[in-house]
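No experiment lies behind these values; they were computed from the predicted model shown. No hydrogens, no waters, no symmetry mates; every other heavy atom, side chains included, goes into these values.
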Amino acid sequence: DFIALAEAQTNRLLRVRQMEARATAVLDAGEEYFAFPLDFIAEKSVSISDGTCSWDLDPQPFEVLETATPATGTPTHYAIVGDSFHVHPTPDRMFTTRLVYYSKIPPLGPDQQTNWLLREAPDAYLYGALTHAAPYLEDDTGTSNTFAALYSAAISGIKAAQRTRVGKLTLDQVTEGRSFNIIKGS
């Protein structure tokens, strides 16, 4: 299915705010692994809480954590092992982990007829699917290259729109008919 191929390719290329999601997992004492969410692509941050305070865990290669001391205690680091997160040291009591991650684009299908990508960038779907369909068309390579270029332009446009939004939060506060921009301070 060309749409599924376009979604898979787009999942490999994009990391934008619409793909951000959160998940939590409870780790009991002695439990050092928690599984990826099913729609997981990549982590943005991993934090942990003991019920009174929370802190970010620092990423480390698993090989480093395997030999690190202490073996048990309050987790301070994590590593990715297969389809799971490994925390170190192994928890000595119950903790709650909080994962902020990039999720896969919800795939279109009979039960999911739209998603954020189709609403915001239908050209990415169209040209992504056509790029994957092009080898099966009896046409010259110019058409295939055109579809690929248009798909690439759509992905670039999504990324550019993301960059213009980050760091430019404005708050319009209606006070005596005036707006207040929190960035400019006026």
Note, [X] side chain near [Y] side chain (heavy atom, < 4.5 Å):
| X | Y | value |
| --- | --- | --- |
| Asp58 | Thr76 | no |
| Tyr101 | Asp39 | yes |
| Trp116 | Pro106 | yes |
| Ile158 | Leu117 | yes |
| Phe85 | Leu27 | no |
| Ile41 | Met19 | yes |

What is the distance from atom CG of Asp28 to atom CG of Asp92, rounded to the nearest 0.5 Å?
12.5 Å
Give a yes or no answer on whether the side chain of [X] reaches the backbone of [Y] with a donor-acceptor pair at less than 3.5 Å.
| X | Y | value |
| --- | --- | --- |
| Glu63 | Leu65 | no |
| Asn115 | Leu108 | no |
| Ser103 | Glu20 | no |
| Ser49 | Gly51 | yes |

What's the shortest heavy-atom distance between [X] and [Y], and which atoms?
| X | Y | result |
| --- | --- | --- |
| Leu57 | Tyr78 | O-CE2, 3.5 Å |
| Tyr33 | His86 | CZ-ND1, 3.4 Å |
| Thr10 | Ala6 | OG1-O, 2.7 Å |
| Pro89 | Gly73 | CB-N, 3.8 Å |
| Arg17 | Gln162 | N-OE1, 3.2 Å |
| Pro91 | Pro75 | CG-CG, 3.9 Å |

Verify same cluster id: Leu130, Leu5 (apolar side-chain graph, 4.5 Å)
no
Transitive ILVMFWY side-chain link Phe147 to Leu118, under 4.5 Å
yes
Do you see a donor-acceptor pair shorter than 3.5 Å between the side chains of [X] and [Y]?
| X | Y | value |
| --- | --- | --- |
| His88 | Glu66 | no |
| Glu7 | Tyr125 | yes |
| Tyr151 | Asp123 | no |

Are Val100 and Glu43 close enough, and set up right, to give a side-chain contact (heavy atoms from CB on, under 4.5 Å), and what steps lead you there?
CA-CA 6 Å; Val100 178; Glu43 80 273 21; over 6 Å; no
Check against side-chain contact (heavy atoms from CB on, under 4.5 Å), Thr96 and Ile48
CA-CA 6 Å; Thr96 302; Ile48 198 161; over 6 Å; no
Audit row: Arg93, Asp50, side-chain contact (heavy atoms from CB on, under 4.5 Å) steps and yes/no
CA-CA 8 Å; Arg93 59 191 184 282; Asp50 63 2; 3.7 Å; yes
Start with the C-alpha gap between Tyr102 and Asn11, add the side-chain angles, then the distance that decides, and say whether side-chain hydrogen bond (donor to acceptor under 3.5 Å, both in side chains) holds.
CA-CA 9 Å; Tyr102 290 104; Asn11 280 329; over 6 Å; no
Ring centroid separation for Tyr136 and Phe2, is it under 6.0 angstrom?
yes
Is the CZ atom of Arg15 crowded by more than 12 outside heavy atoms at less than 6.0 Å?
yes
Let me see the working for Thr24 and Phe34 under side-chain contact (heavy atoms from CB on, under 4.5 Å), right down to the final yes or no.
CA-CA 10 Å; Thr24 58; Phe34 64 99; over 6 Å; no
Which class fits the ring pair Trp55 and Phe95: parallel under 30°, tilted 30 to 60°, perpendicular over 60°?
perpendicular
